[in-house]
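The figures that follow rest on heavy atoms only: side chains count, while hydrogens, waters and symmetry mates do not.
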Amino acid sequence: MTTHLPSYEGVLDAARQIDGVAVRTPLLESPALNAVVGGRVLMKAENLQRAGAFKFRGAYNRISRLTDEEKTRGVVAFSSGNHAQGVAAAAAMVGTPAIIVMPSDSPQVKVEGVIGFGGEVRLYDRWTESREEIGAAIAAERGSILVPPFDDAFIIEGQGTTGLEMLDQADAPFDQLLCGASGGGLMAGINLVMAERRPSTRVFVVEPEAFDDTARSLAAGERVGHPQGAPSICDALMSPMPGVLTWPINRRLAGAITVSDAEVAEAMRFAFRHLKLVIEPGGAVSLAALLAGKIGTEGLTTAIILSGGNVDPILYADIIEGRFGG
């Protein structure tokens with residue numbers, strides 16, 4: 001873990017570090033969506049980012065800072081898939097080997113993505129094994145550099161560049177911003193930016209119903225986890241608890257919203273039919289919150305993050321063709 005704490009100045013530095021490497025993804029607006037919600041919606045399409053998700057930003061910001069000696073030792077990461085692919089892609093770009101610890105129930109498309117970028121995959125059981133312990137053991141054995149999915153200042157600051165771009169791309173201030181969260185790295189990075197640049201904007205987290213650890217933590221006033229239960233289709237948003245570094249930043253959130261798998265599936269269908277975008281379940285939670293009427297939008301400008309597009313093709317076909325409703 002890095003020794004410095006994440007900051008707005010660090011986000012600005014991250015923007016310089018990833019400039020010309022990460023994709024400056026578009027901020028999209030759809031008349032069809034605006035009509036449905038009765039207000040303006042600005043969508044940051046991180047599904048069009050390198051490796052298909054925002055995670056590349058933080059991964060490259062961290063890995064590109066390795067010394068030549070550290071690069072010879074390689075990196076190790078643990079992830080359900082998007083951070084895994086981001087790390088594998090960034091590692092390949094800077095010339096260092098990557099080992100990724102992934103849940104055995106990860107979508108095959110994400111496992112194949114890691115392998116396609118040249119990463120080595122180590123599978124584990126998310127319900128009976130600790131990915132942190134496995135990753136730490138590999139790092140200790142091989143002398144590799146551990147690249148956490150969210151509890152690292154460089155990772156958080158890299159993800160925060162998403163918020164910087166949104167503010168630069170928007171033609172007017174937004175009243176509220178919705179962002180999905182697992183460990184909270186993207187949410188924290190964006191919060192650093194919004195607190196500095198647009199403190200009047202209300203920022204909300206969106207989570208799957210069964211993985212509402214941020215909502216529970218906000219209610220409790222401290223980091224708490226969620227009960228172990230059935231998996232969600234939102235495989236990217238299934239971390240057990242907010243991060244040590246992300247929580248102190250995200251506790252300033254205006255509120256938390258939860259969505260069901262059925263609502264997420266409907267959002268994915270809407271994105272396919274009306275926006276012509278492929279969004280994975282975890283990347284569609286903010287859109288799901290809007291379409292399900294979980295937050296007021298009438299006459300407001302709402303910004304949302306479409307955080308990833310790495311969806312299992314079989315699940316996607318079932319959702320689009322109406323065979324899955326949650």
Side-chain angles (χ1 to χ4, degrees), residues 27-47 54 162-163 166 174-182 184 186-188 190-191 194 198 200-220 224 226-227 229-239 242 250-275 277 279-308 311 319 324-326:
L27 189 66
L28 305 175
E29 185 172 4
S30 163
L33 180 56
N34 289 350
V36 169
V37 304
R40 292 189 71 191
V41 180
L42 304 178
M43 301 170 284
K44 185 62 167 167
E46 282 296 291
N47 57 309
F54 74 93
T162 307
M166 293 175 72
F174 16 91
D175 301 294
Q176 55 193 9
L177 184 150
L178 276 62
C179 178
S182 184
L186 175 61
M187 186 87 265
I190 289 176
N191 266 324
M194 299 308 292
R198 292 287 189 275
S200 62
T201 298
R202 296 182 303 156
V203 182
F204 296 86
V205 67
V206 186
E207 299 175 296
E209 286 179 340
F211 294 85
D212 60 343
D213 46 283
T214 305
R216 291 171 180 267
S217 297
L218 288 172
V224 297
H226 53 71
S232 165
I233 61 171
C234 301
D235 61 279
L237 303 182
M238 292 169 62
S239 289
N250 291 336
R251 66 189 308 162
R252 70 184 65 165
L253 285 162
I257 302 166
T258 60
V259 290
S260 68
D261 279 3
E263 290 164 342
V264 169
E266 181 54 40
M268 294 171 66
R269 284 190 286 268
F270 184 95
F272 173 77
R273 293 168 181 166
H274 301 288
L275 308 179
L277 293 173
I279 311 296
E280 66 180 277
V285 292
S286 295
L287 179 60
L290 294 189
L291 294 174
K294 298 294 182 75
I295 189 170
T297 53
E298 187 74 31
L300 301 177
T301 297
T302 304
I304 66 173
I305 318 293
L306 305 176
S307 57
V311 57
I319 289 173
F324 178 91

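The closest donor-acceptor contact from the side chain of His226 to the backbone of Ser239 lies under 3.5 Å. Side-chain N or O atoms of Thr301 include none that pairs as donor or acceptor with a backbone N or O of Arg40 at under 3.5 Å. Ser217 places a side-chain N or O within 3.5 Å of a backbone atom of Val224 that can act as its donor or acceptor partner. Not one N or O on the side chain of Glu266 forms a donor-acceptor pair closer than 3.5 Å with the backbone of Ala292. Looking only at distances, no side-chain donor or acceptor of Ser232 sits under 3.5 Å from a matching main-chain atom of Pro208. Judged by distance alone, with hydrogens and angles left aside, the side-chain atoms of Asn34 form a donor-acceptor pair with the main-chain N or O of Val41 at under 3.5 Å. Put simply, the side chain of Ser286 gets close to the backbone of Leu178: a donor and an acceptor are under 3.5 Å apart. Judged purely by atom type and a 3.5 angstrom limit, Asn250 has no side-chain atom pairing as donor or acceptor with the backbone of Thr214.
Contact between Cys179 and Ile190 at its shortest, heavy atoms only, is SG-CD1, 4.2 Å. Heavy-atom minimum distance, Thr258 versus Glu263: O-OE1, 4.5 Å. Closest non-hydrogen pair, Val285 versus Val206, comes out as O-CG1, 3.4 Å. Contact detail for Ala267 and Leu291: the closest heavy-atom pair is CA-CD1, 3.8 Å. When every heavy atom of Pro281 is checked against every heavy atom of Val264, the shortest pair comes out as O-CG1, 3.4 Å. The shortest non-hydrogen separation linking Glu46 to Phe54 is OE1-CA, 3.2 Å.
Residues Ile319 and Phe272 form no side-chain contact, since every pair of their non-hydrogen atoms from C-beta on lies 4.5 Å or further apart. Side-chain contact between Met187 and Val203 is present, with heavy atoms from C-beta onward closer than 4.5 Å. Taking 4.5 Å as the limit, some side-chain heavy atom of Leu275 sits within range of a side-chain heavy atom of Met43.
Atoms CD1 and CG, from Ile257 and Asp212 in turn, are 13.0 Å apart once rounded to the nearest 0.5 Å. Rounded to the nearest 0.5 Å, atoms CZ (Phe211) and CG (Asp235) are 10.0 Å apart. Put simply, CG on Leu306 and CG on Leu27 are 9.5 Å apart, with the number rounded to the nearest 0.5 Å. Atom CG of Leu300 sits about 8.5 Å away from atom CD1 of Ile295, to the nearest 0.5 Å.
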Practice item. Mind running side-chain contact (heavy atoms from CB on, under 4.5 Å) on Arg198 and Leu177 for me, showing each step along the way? Key: CA-CA 11 Å; Arg198 292 287 189 275; Leu177 184 150; over 6 Å; no
Review point. For Leu287 and Ile279, what are the C-alpha separation, side-chain angles and deciding distance, and is it a side-chain contact (heavy atoms from CB on, under 4.5 Å)?
Key: CA-CA 10 Å; Leu287 179 60; Ile279 311 296; 5.7 Å; no
Exercise for review: For Asp175 and Thr302, run side-chain contact (heavy atoms from CB on, under 4.5 Å): C-alpha distance rounded to whole Å, both residues' side-chain angles, the deciding distance at 0.1 Å, then the answer.
Suggested key: CA-CA 6 Å; Asp175 301 294; Thr302 304; over 6 Å; no
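Here the options are Glu207, Lys294, Glu209, the test is side-chain contact (heavy atoms from CB on, under 4.5 Å), and the partner is Val259; only Lys294 passes.
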